[in-house]
Amino acid sequence: MAKTPVSSSTVDDIVAEGDDLAHKLNRQADDIIASAKDGAHRTVSSVRQAVREDVGHVRDKAVERAEDAVGAIRDAPIKSVLYAAGIGVIIGLLLSR
């Protein structure tokens, strides 16, 4: 039987293989980062939309409450003035301490 000689790897061969591996790893890392950016963008977009909807609901509630307050003041103006004066006295007492 004849033995075939085994060629030893040279430094250049090892470096070339390492460069190929590094290039593959860099591409995979770039792909992972790109997919993470897409997922983050979708998440941020959905959060923005949810915040916009919540702000809309809060705005609607605030307008509704303001209209209720205006209606209550129109219905009983003397009562409203007395409440406001009472609250002012209480705040004044608390701040004077």
Side-chain angles (χ1 to χ4, degrees):
M1 274 205 277
K3 291 186 177 180
T4 56
V6 177
S7 63
S8 63
S9 298
T10 64
V11 174
D12 293 335
D13 293 338
I14 294 171
V15 169
E17 288 176 13
D19 286 342
D20 290 340
L21 179 61
H23 184 65
K24 287 178 186 177
L25 290 174
N26 281 335
R27 280 191 311 205
Q28 287 177 348
D30 290 341
D31 292 342
I32 291 169
I33 290 170
S35 66
K37 283 182 182 178
D38 290 341
H41 180 65
R42 278 185 250 125
T43 302
V44 168
S45 295
S46 64
V47 168
R48 280 186 184 149
Q49 184 62 32
V51 168
R52 285 183 183 134
E53 290 174 3
D54 289 345
V55 167
H57 292 303
V58 169
R59 185 182 304 124
D60 293 343
K61 285 288 187 183
V63 168
E64 182 181 318
R65 298 290 174 136
E67 290 172 353
D68 291 344
V70 169
I73 292 169
R74 285 191 180 141
D75 291 343
I78 295 173
K79 187 177 177 182
S80 301
V81 169
L82 291 176
Y83 280 141
I87 291 171
V89 168
I90 292 172
I91 291 174
L93 290 173
L94 291 174
L95 291 176
S96 68
R97 288 186 173 191

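Smallest separation of non-hydrogen atoms from Ser80 and Ala72: OG-O, 4.0 Å.
The only member of Asp30, Leu25, Asn26 that meets side chain to side chain contact (heavy atoms under 4.5 Å, CB included) when paired with Gln28 is Leu25.
Note: His57 NE2 to Lys61 NZ = 10.0 Å, rounded to the nearest 0.5 Å.
Within 6.0 Å of CZ in Arg27 there are more than 12 heavy atoms belonging to other residues, nucleotides or ligands.
Both Ile87 and Leu95 belong to a single network of hydrophobic side chains, linked directly or stepwise wherever heavy atoms of I, L, V, M, F, W or Y lie under 4.5 Å apart. The hydrophobic clustering, which links ILVMFWY residues whose side-chain heavy atoms are closer than 4.5 Å, places Val47 and Val55 together.
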